[in-house]
Amino acid sequence: MHQYRTHSCAELRKDHVGETVKLSGWIHRKRDHGGVLFIDLRDTHGLTQCVVDEGSPLLAEMEKVRAESVITVTGAVRERPGETQNSNMPTGEIELYIEAMEVQGAADVIPFQVAEDDGAGEEIRLKYRYLDLRREKMQKNIRLRNDVIFEFRKRMREKEFQEFQTPILTASSPEGARDYLVPSRLHAGKFYALPQAPQQFKQMLMVSGFDKYFQIAPCFRDEDGRADRLAEFYQLDLEMSFVTQEDVFNTIQPVIEGVFEQFNDFTGTAHKVEWHDHIRYEDAMMKYGSDKPDLRNPLEIVDVTDVFARDDVEFKAFKGVIEKGGVVRMIRAPQVADQPRSFFDKLNSWAQGEGAPGLGYVKFENGEGAGPIAKFIPTAAQEELKKISGATDGDAVFFICNKEKPAAKFAGLARDAICNALPEGHEAAREQGVYKFAWIIDFPMYERDEAGVVDFSHNPFSMPQGGMDDLENKDPEKVYAYQYDAICNGFELCSGAIRNHKAEIMEKAFGIAGYDKSVLEAKFGGMLNAFRFGAPPHGGCAFGIDRIIMLLADEPNLREVYAFVMNGQYEDQMMSAPSDITLEQLKDLHIKLDLPKAKVKAEKAA
RNA sequence: GCGGGCGUAGCUCAGCUGGUUAGAGCGCCGCCCUGUCACGGCGGAGGUCGCGAGUUCGAGUCUCGUCGCUCGCGCCA
C-alpha cells in the first residue's frame with residue numbers, strides 16, 4: 001500500500017465498501033461524541049468522513065490532534081448506517097473506519113477558520129495566505145485561474161500563435177507609468193527596469209518574422225493601486241503581422257468570447273456574453289462619459305448646451321459656465337418622477353460629495369416640468385430638452401455643467417450613480433447576468449493640456465490614421481490612432497493598436513509631441529533601428545488576465561484571484577517585502593540611501 | 001500627495017446622550033456525551049479598546065495629532 005494514500009478524499013463510493021484504503025489530508029472538522037469521533041478529512045478534491053469507534057485505542061490520541069493538522073489514516077470503507085448517509089456530500093454514502101493514524105504535520109491553533117467563512121479581514125488573510133488558500137472559495141478561484149490560462153494557451157495555439165518568454169530585466173522607458181528599477185551590480189549607477197509590458201519585444205518579434213506572438217506576460221507598474229490594479233499583473237499579450245485593426249478583433253474576440261462562455265456560470269449564475277458594436281472614443285465620452293462604459297447601464301448622456309444658451313432660459317449658474325466655454329450635459333432617467341424626494345436628494349448629496357455644486361434635475365409630471373430649477377427653464381426650452389433626450393411624462397432629466405472634459409467625466413459618474421440609485425427591477429436598473437463587451441476605437445493620437453502643449457494621449461507607438469499625410473496636414477487633436485480598447489461591464493480588459501512600423505512616421509509623430517529626434521534615438525533606438533531593416537505592418541493587444549478572472553469569479557478585487565499577492569500598499573506581510581537590505585548589498589550596488597526625514601524618524605521610533 | 005470609511009478578545013462584531021466590574025458569536029482550554037456532519041451540554045481562560053496628547057471629577061465613547069488597513073481622487077496605456 002502506498003505510504004500516504006490510495007485514494008483522494010473525494011473518491012470513495014459504495015463500490016469501495018469492504019476495501020482497506022489509505023487517505024491523507026487536513027482535518028477539516030472534528031465532531032467528538034465522547035465514545036465516537038467523526039473527522040472530516042479534506043484534500044483539494046473533497047471531503048471524506050472518517051470514524052474512530054468506541055473502544056479504539058486511537059480515540060484519546062485523535063481527540064488531541066487539532067483542526068488543520070495533516071494526517072494519514074488507514075482503515076476499511078463501510079457503508080454508513082441508513083439514516084446517517086449524507087446526500088449533500090459526494091462521499092456521503094460511506095465512511096472510513098480508522099484503524100491506524102499518523103500525524104504528518106500537526107497544526108497550532110489557527111488564526112482564523114479554514115472550514116468556514118468567518119469574515120476574517122484581508123490583512124490577516126494575506127499574512128497567513130497559505131491558510132486562506134486552503135479555503136473552499138480560494139481553492140475554486142485559483143483553479144478557475146488555472147483553467148482560464150490553460151484555455152487561453154490552447155486556443156492561441158490552435159490559432160497558430162507561438163508562445164514566447166521575453167526579458168524581465170530590461171530597459172526603463174520614458175513613456176507611461178513609473179518603472180520598477182533594479183540596480184546593476186556590474187554597471188555602477190545603472191539600472192534595469194521591470195517591463196510595464198513586453199511592448200517593444202513583441203514588436204521586434206514581428207520584425208523578426210515570427211508572424212504571431214503571444215505570451216502570458218508578467219507586467220510591472222510602479223503606480224498606486226486600486227481594487228482592479230496591482231503593481232504586478234498578467235496579460236494575455238499578443239501581436240500579429242500583416243493585419244488590420246479588424247483582423248486583430250476577429251482573431252482575439254472568439255478566444256475571449258469562448259473563454260467567457262465556457263466559464264460564464266462559475267458563480268452558479270449563468271451569464272450571457274454579448275458584443276456591442278464598436279464605439280468611437282469620442283462617442284463613448286459623449287454618450288457614457290467614460291472610455292470604459294458599463295453597457296449594462298442603459299442610461300445615456302446628451303449635450304444640451306444650446307438649450308441653456310437660449311435667451312429665454314435664465315439659469316444663471318449654467319449660463320456663466322457656458323459663456324466661459326463650458327457645456328451642459330443631460331441624462332434622462334425614465335419613469336423616476338414618482339420616486340420619493342429622497343431619491344433626488346441622495347443623488348444631489350452624492351454629487352456634492354464628488355465636489356460638484358449639486359446635481360440639478362427636472363421632473364416631467366402631468367405635462368409640465370417640476371423640481372427646484374424647472375422655473376428657470378421656460379416651457380419651450382423644456383420641450384426642446386424632451387425632444388433631444390426623448391423624455392416623456394414620468395421621466396426626469398439630470399444636468400451636469402462644466403468645462404467639456406470634466407463635464408463629460410462627471411456625467412459618466414452621474415450616469416452610474418443614477419443607475420445605482422434605481423430600485424431593483426426598475427426598467428433602467430443595471431442589467432444582470434450578462435457580460436457586455438465592446439471595442440472602443442479611434443482614440444485620438446494627441447491631446448493638448450491647458451497650456452496648449454501637445455502630448456501623446458495614449459500609446460505613442462500606435463499608427464496614426466492617415467499616416468504621414470494626417471501628421472503633416474491636420475491639427476494634432478484631429479489625428480486619430482489605430483488604437484483600441486476592449487471593455488466589459490465597466491472594466492477596461494484590453495488595450496491595443498496597429499503599430500507604427502515606419503521609422504520616418506515615428507520621428508514625425510514624436511516630433512509633434514515635442515520629442516526631439518535625438519531623444520527618440522536614445523530611448524527607442526533599438527526598435528527604431530529594427531524598423532530600418534524591413535519591418536512588417538503589425539498590431540496586437542493585451543488582455544488583463546486577472547481582471548478577466550475577477551469578472552468570471554464575480555470578485556470585488558484582484559487579490560481574490562491570485563495565490564500570492566501584495567496588499568494595497570504593495571507590501572507582502574507574509575514574505576516581508578519590501579524589506580531592508582544589508583550594507584554589503586548596497587555597497588555591491590554602489591548605492592547610498594537618502595531617506596526622507598519623516599521616514600527616518602518613524603523607523604527609529606519603531 | 002489628497003479625501004471618505006474602519007481600527008474593541010485569536011477571528012467577526014456590539015458597546016446609546018461620557019459613568020462604577022467592557023460584552024456576544026465563533027475559536028481556544030477543561031469536563032461530560034455512541035451516529036454526528038455548522039453535533040450538543042456544563043465550566044473556564046483570554047482585552048495597552050491601534051498609539052500619543054488634550055477636554056473632564058471621570059474617556060472605548062468627545063477633540064486634536066499620529067500609525068495601520070481599505071475604497072476612491074491624483075497617478076496609471
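Note on naming: letters A, B, ... go to the chains in the order of the sequence lines (proteins, then strands), and numbering restarts at 1 for each one. Computed from a predicted structure; not experimentally measured.
With C1' as the reference atom, B/U55 and B/G10 are 35 Å apart, rounded to whole Å. As rounded to the nearest Å, B/U12 and B/C69 have P atoms that lie 15 Å from one another. Comparing B/C57 with B/G15, their C1' atoms are spaced 23 Å from each other, to the whole Å. B/C62 sits 30 Å from B/G46 when the C1' atoms are compared, rounded to a whole Å. Separation of the C1' atoms belonging to B/U21 and B/G47 is 13 Å when rounded to the nearest angstrom. Between B/A45 and B/A24, the distance separating the two P atoms is 12 Å to the nearest Å. As rounded to the nearest Å, B/U20 and B/C39 have C1' atoms that lie 41 Å from one another. Nucleotides B/G7 and B/C26 are separated by 23 Å at their P atoms, to the nearest Å.
Here B/C37 is the nucleotide among B/C37, B/C39, B/C11 with the atom lying nearest to any side-chain atom of A/Thr84. Nearest nucleotide to the A/Asp40 side chain, out of B/C37, B/G35, B/C11: B/C37.
A/Lys14 has its side chain within reach of A/Glu79: a pair of non-hydrogen atoms, C-beta onward, lies under 4.5 Å apart. Annotation: side chain of A/Leu558 is not in contact with side chain of A/Val565 (no heavy-atom distance under 4.5 Å).
A/Gln196 and A/Asp179 form a side-chain donor-acceptor contact under 3.5 Å, judged by distance and modelled atom types alone. With 3.5 Å as the limit, one finds no donor-acceptor pair spanning the side chains of A/Asp294 and A/Tyr288. For the residue pair A/Ser342/A/Asp345, the side-chain donor-acceptor check at 3.5 Å is not satisfied. There is a side-chain donor-acceptor pair under 3.5 Å between A/Gln465 and A/Asp442. No donor-acceptor contact under 3.5 angstrom links the side chains of A/His28 and A/Glu136, judged on distance only.
Among the protein residues, A/Leu47 comes within range of no part of the nucleic acid, since none of its heavy atoms lies under 4.0 Å from any strand. Looking at heavy-atom distances under 4.0 Å, A/Arg29 makes contact with sugar-phosphate atoms alone, never a base. A/Asp118 comes within 4.0 angstrom of the backbone, heavy atoms only, and of no base. Note on A/Tyr281: nothing from the nucleic acid sits closer than 4.0 angstrom, heavy atoms only.
The distance from atom CG of A/Asn88 to atom P of B/C39 is 13 Å, rounded to the nearest whole Å. A/Leu59 places its CG atom 13 Å from the P atom of B/G35, with the value rounded to the nearest Å. A straight line from CD of A/Glu116 to P of B/A38 spans 10 Å, rounded to a whole angstrom. If you take NZ of A/Lys30 and P of B/A38, they are 17 Å apart, rounded to a whole angstrom. Look at CZ on A/Phe38: it is 8 Å from C1' on B/C37, rounded to the nearest Å. The separation between A/Asp53 atom CG and B/U36 atom P is 14 Å, rounded to whole Å. As rounded to whole Å, 9 Å separates atom P of B/C39 from atom NE2 of A/His28. The interatomic distance linking A/Arg125 (CZ) with B/G10 (C1') rounds to 17 Å, in whole Å.
In this structure A/His7 satisfies the ring-ring contact (aromatic ring centres under 6.0 Å, His included) test together with A/His16, sequence neighbours excluded. Looking at residues two or more places apart in sequence or on another chain, you find no salt bridge (Lys or Arg N to Asp or Glu O under 4.0 Å) involving A/Glu571.
Ion pairing between a basic and an acidic side chain is recognised when a charged N comes within 4.0 Å of a carboxylate O; A/Arg229 and A/Glu492 show no such pairing. We find that A/Arg125 and A/Glu560 are joined by a salt bridge, their nearest charged nitrogen and carboxylate oxygen being less than 4.0 Å apart. Ion pairing between A/Arg178 and A/Asp222 fails under the 4.0 Å rule for side-chain N and carboxylate O. Under a 4.0 Å N-O distance rule, the pair A/Arg280/A/Glu282 qualifies as a salt bridge.
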Dot-bracket notation for RNA chain B, counting Watson-Crick and G-U pairs under 3.5 Å, with | for partners on another strand: (((((((..((((.....[...)))).(((((.......))))).....(((((..]....))))))))))))....

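Aromatic ring pairs are classed by plane angle as parallel below 30°, tilted from 30° to 60° and perpendicular above 60°; the pair A/Tyr562 and A/Tyr234 is tilted.
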Readout for nucleotides 28-33 of chain B: B = base within 4.0 Å of protein heavy atom, S = sugar-phosphate only, - = neither; 5' to 3' it is SS---B

Report, as a single string ordered 5' to 3', how protein heavy atoms within less than 4.0 Å touch nucleotides 68-77 of chain B: B base, S sugar-phosphate only, - not at all. SSSSSBBBBB

Collect all protein-nucleotide pairs involving nucleotides 5-8 of chain B in which both atoms are nitrogen or oxygen and the distance is under 3.5 Å.
none

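A/Glu404 CD: 12 or fewer foreign heavy atoms inside a 6.0 Å radius.
A distance-only check finds no donor-acceptor pair linking the side chain of A/Ser69 to the backbone of A/Ala106 [under 3.5 Å].
A close approach under 4.0 Å does not occur between any side-chain nitrogen or oxygen of A/Arg31 and OP1 or OP2 of B/U36.
One can find a donor-acceptor pair under 3.5 Å joining the base of B/G35 and the side-chain atoms of A/Glu95.
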